[in-house]
Amino acid sequence: MINELVQKAQNQLNKELPFVLFKKPKQNLVKGIFQNDAELHYINDFLEQGFVFAPFNDAEKTILLKKDEEFSVSYLTEKNSLIRIELNDDVSDKEIHINLINKGISNIKKGAFNKVVLSRKLDVKTTTNALDLFLRLIGTYDNAFCYIWYHPKVGMWLGATPEILLRLENNRLTTMSLAGTLPYAEDEKPNWSLKELEEQKMVTNFICDALNDKVTNLSLSETISIKAGNLWHLRTKISGLLLSNKLKDVLDVLHPTPAVCGLPKNESKKFILENENYDRQFYTGFLGELNVKEEIQRSSRTKNQENQAYKAIKTVSEFYVNLRCMQLTDDKATLYIGGGITKDSISDKEWQETVNKSKTMLKILAN
């Protein structure tokens, strides 16, 4: 029962012990991973097992939540209605963010980089129980990776992200490029501009180039429009076979991706760290399960019954980019939102994109 899992998490929270609850896209299984001590563990080489929580800045350490206990429950959510939210611009915040966008555009035109992803944060008063917010989240965004993560030495984070960073199933690697954002309107198809199409192509090309010497049999799907909450995005799936078992090498070249940082990576990242005027922490980092053992389902029609007696096990790692997220304290939720800036960006439209994206989490707080 979901209530028992939530109570287990509440008991863990009362004891100030780490845990994570999460639900994968389009699944009705909610999983909980619980650590039995308050020690802060870090990843060394991605050969460990547990739940990963990585910051945006790849120069900082990645946290590993140890899987001392694990529970899963089936949960058929009752779909929450997406309430309409009208937001008034915070004039001072808008001016600061537009100035940042204009500075980014200016640097692009000077040739400093081709793209940069610029973000801001938004503080909202709330006293709603964090686990109640998680239940609202999984009842609202079925097509996203929904989670609540807590460590007493780090804090509490909650989110619903549409973007998978990568999935590694034995040596089969799958990732995606996700870029472009348009508001969703009922019965209307998205009308993508050249700016968004070029941004998507830029991200796809970066990923393919980054994986070129680490993956064989690289293949790309067609680029399609996908709906995530009240937004449209462009998505291209990319897959191949990992040449070695060094997941760390792949993460080193992929994270942070152009969809959350920019291109070239080092130059755009430097601009972000020097100009955003706040610490993203785990926003636009990544999170998920590392080296989980899963049983391979065999067909019941297999004639060789002797082979069916042996269970095949695969090793799976699956990470999601930490978008559409918030950090929770006693009486406040800090929301993080951003967007990709190119030479064709219009600062007012980019501001409005962050307003549209902020509604994903604001609707959870407003229910």
N/O donor-acceptor pairs under 3.5 Å from side chains in residues 160-169, not counting sequence neighbours:
{"residue": "T161", "atom": "OG1", "partner": "E163", "partner atom": "N", "Å": "3.3"}
{"residue": "T161", "atom": "OG1", "partner": "V321", "partner atom": "O", "Å": "2.5"}
{"residue": "R167", "atom": "NE", "partner": "E169", "partner atom": "OE1", "Å": "3.4"}
{"residue": "R167", "atom": "NH1", "partner": "E318", "partner atom": "OE2", "Å": "3.0"}
{"residue": "R167", "atom": "NH2", "partner": "E169", "partner atom": "OE1", "Å": "2.9"}
{"residue": "E169", "atom": "OE2", "partner": "K314", "partner atom": "NZ", "Å": "3.3"}

Fill in the blank from the handout: Taken to the nearest 0.5 Å, the spacing of F319 CZ from L290 CG works out to 4.5 Å
Exercise for the section: Please say whether more than 12 non-hydrogen atoms of neighbouring residues, nucleotides or ligands are located less than 6.0 Å from NZ in K67. Expected result: yes
Handout entry: Non-hydrogen atoms of A210 and L254 that approach each other most closely
Key = CB-CD2, 4.4 Å
Practice task
State the CG-OG1 distance between L323 and T284, to the nearest 0.5 angstrom.
Solution key: 7.5 Å
Exercise for the section: Report yes if the distance between the aromatic ring centroids of Y320 and F22 is under 6.0 Å, otherwise no. Expected result: no
Practice task
Give a yes or no on whether E16 atom CD has more than 12 heavy-atom contacts from other residues, nucleotides or ligands under 6.0 Å away.
Solution key: no
Handout entry: Distance-only polar pair, side chains of Y283 and Q327, donor-acceptor under 3.5 Å
Key = no
Exercise for the section: Classify the side-chain pair Q7/N11 by whether it contains a donor and acceptor separated by less than 3.5 Å. Expected result: yes
Handout entry: Shortest non-hydrogen separation from S268 to K115 and the atoms involved
Key = CB-O, 3.6 Å
Handout entry: Joint hydrophobic cluster, V117 plus V355, side-chain heavy atoms closer than 4.5 Å
Key = no
Handout entry: Heavy-atom closest pair, residues R120 and W351
Key = NE-CZ3, 3.2 Å
Exercise for the section: Say whether L133 and V20 are linked into one hydrophobic cluster, either directly or through other cluster members, by side-chain heavy-atom distances under 4.5 angstrom. Expected result: no
Exercise for the section: Say whether Q352 and D348, considering side chains only, have a donor N or O and an acceptor N or O under 3.5 Å apart. Expected result: no
Practice task
Side-chain contact test, heavy atoms from C-beta onward, threshold under 4.5 Å: evaluate it for V203 versus T257 and give yes or no.
Solution key: no
Problem - Shared hydrophobic cluster, W149 / L328 (ILVMFWY, side-chain heavy atoms < 4.5 Å) - result: no
Exercise for the section: Evaluate the criterion side-chain contact (heavy atoms from CB on, under 4.5 Å) for residue pair K103 and N99; output intermediate values, then yes/no. Expected result: CA-CA 6 Å; K103 188 173 182 179; N99 287 339; over 6 Å; no
Handout entry: Polar side-chain atom of Y75 near backbone of I138 as donor-acceptor pair, under 3.5 Å
Key = no
Completion exercise
Interatomic distance, NE2@H97 vs CG@N102, rounded to 0.5 Å, equals 10.5 Å
Practice task
Hey, could you give me the CG/CG distance between L40 and L64, rounded to the nearest 0.5 Å?
Solution key: 10.0 Å
Practice task
State, with a plain yes or no, whether a side-chain heavy atom of W192 is found less than 4.5 Å away from one of T223.
Solution key: no
Practice task
Go through the steps for Q10 and L131 under the test side-chain contact (heavy atoms from CB on, under 4.5 Å), then give the verdict.
Solution key: CA-CA 8 Å; Q10 185 62 58; L131 290 161; 3.4 Å; yes
Fill in the blank from the handout: In this structure, CZ of F51 is separated from NE2 of H41 (nearest 0.5 Å) by 15.5 Å
Handout entry: K31 side chain reached by L5 side chain, heavy atoms, under 4.5 Å
Key = no
Handout entry: Same apolar cluster (I L V M F W Y, side chains within < 4.5 Å links), F71/M1
Key = no
Handout entry: Closest non-hydrogen atom pair between A130 and L158, with its separation
Key = O-CD1, 4.4 Å
Handout entry: Whether over 12 other heavy atoms sit under 6.0 Å from K195 NZ
Key = yes
Handout entry: 4.5 Å side-chain heavy-atom contact, L122 and L362
Key = yes
Handout entry: Y336 side chain to N322 side chain, donor-acceptor N/O pair below 3.5 angstrom
Key = no
Exercise for the section: Report the C-alpha distance between K8 and F34 in whole Å, list the side-chain angles of each, state the deciding distance to 0.1 Å, and finish with yes or no for side-chain contact (heavy atoms from CB on, under 4.5 Å). Expected result: CA-CA 9 Å; K8 169 73 174 174; F34 303 88; 3.3 Å; yes
Problem - Atom CG of N191 with >12 non-hydrogen neighbours under 6.0 angstrom - result: no
Practice task
Let me see the working for S239 and L173 under side-chain contact (heavy atoms from CB on, under 4.5 Å), right down to the final yes or no.
Solution key: CA-CA 6 Å; S239 62; L173 178 78; over 6 Å; no
Exercise for the section: Return the minimal non-hydrogen interatomic distance between G240 and V215, and the atom names on each side. Expected result: CA-CG1, 3.3 Å
Problem - Student check: side-chain heavy atoms of V154 and F282 closer than 4.5 Å - result: yes
Handout entry: E196 side chain to S193 side chain, donor-acceptor N/O pair below 3.5 angstrom
Key = yes
Exercise for the section: For residues P152 and L17, report the shortest heavy-atom separation together with the two atoms involved. Expected result: CD-C, 4.3 Å
Exercise for the section: Quick one: name the residues clustered hydrophobically with L118, using the 4.5 Å side-chain heavy-atom rule over I, L, V, M, F, W, Y, and just say none if it's on its own. Expected result: F56, L100, I101, I105, I108, F113, V116, F271, I272, L273, I341
Problem - Pair E350-S345, side-chain donor/acceptor within less than 3.5 Å - result: yes
Handout entry: Donor-acceptor pair between K293 and T315 side chains, under 3.5 angstrom
Key = yes
Handout entry: Test item: E48 side-chain N/O and I43 main-chain N/O as donor-acceptor pair under 3.5 Å
Key = no
Problem - Q281 (side chain) donor-acceptor with P55 (main chain) under 3.5 angstrom - result: no
Handout entry: Separation between CG of L335 and OG of S358, rounded to the nearest 0.5 Å
Key = 7.0 Å
What donor-acceptor contacts under 3.5 angstrom involve side-chain atoms of residues 258-266, with partners at least two apart or in another chain?
{"residue": "K265", "atom": "NZ", "partner": "D252", "partner atom": "O", "Å": "2.9"}
{"residue": "K265", "atom": "NZ", "partner": "H255", "partner atom": "O", "Å": "3.1"}

Problem - Donor + acceptor pair across side chains of K269, N57 (<3.5 Å) - result: yes
Exercise for the section: Mark yes or no for whether Q35, through its side chain, and L65, through its backbone, hold a donor-acceptor pair below 3.5 Å. Expected result: no
Exercise for the section: Decide yes or no for R136 and T128: does some side-chain heavy atom of the first lie under 4.5 Å from some side-chain heavy atom of the second? Expected result: yes
Practice task
Give a yes or no on whether F134 and F19 share a hydrophobic cluster (residues Ile, Leu, Val, Met, Phe, Trp, Tyr; joining criterion: side-chain heavy atoms under 4.5 Å apart).
Solution key: yes
Practice task
Check the surroundings of atom NZ in K24: do more than 12 heavy atoms from other residues, nucleotides or ligands lie under 6.0 Å from it?
Solution key: yes
Handout entry: Donor-acceptor contact present, side-chain E276 to main-chain Y278, <3.5 Å
Key = no
Exercise for the section: For E4, look at atom CD and say whether over 12 heavy atoms of other residues, nucleotides or ligands are found less than 6.0 Å away. Expected result: no
Handout entry: Note, I33 side chain near E69 side chain (heavy atom, < 4.5 Å)
Key = no
Practice task
Measure from the side-chain N and O atoms of S317 to the backbone N and O of N291, and report whether any donor-acceptor pair falls under 3.5 Å.
Solution key: yes
Exercise for the section: Kindly say whether K332 contributes a backbone atom to a donor-acceptor pair with the side chain of D123 at under 3.5 angstrom? Expected result: no
Practice task
Report yes if the side chains of D142 and K26 come closer than 4.5 Å at any heavy-atom pair, otherwise no.
Solution key: yes
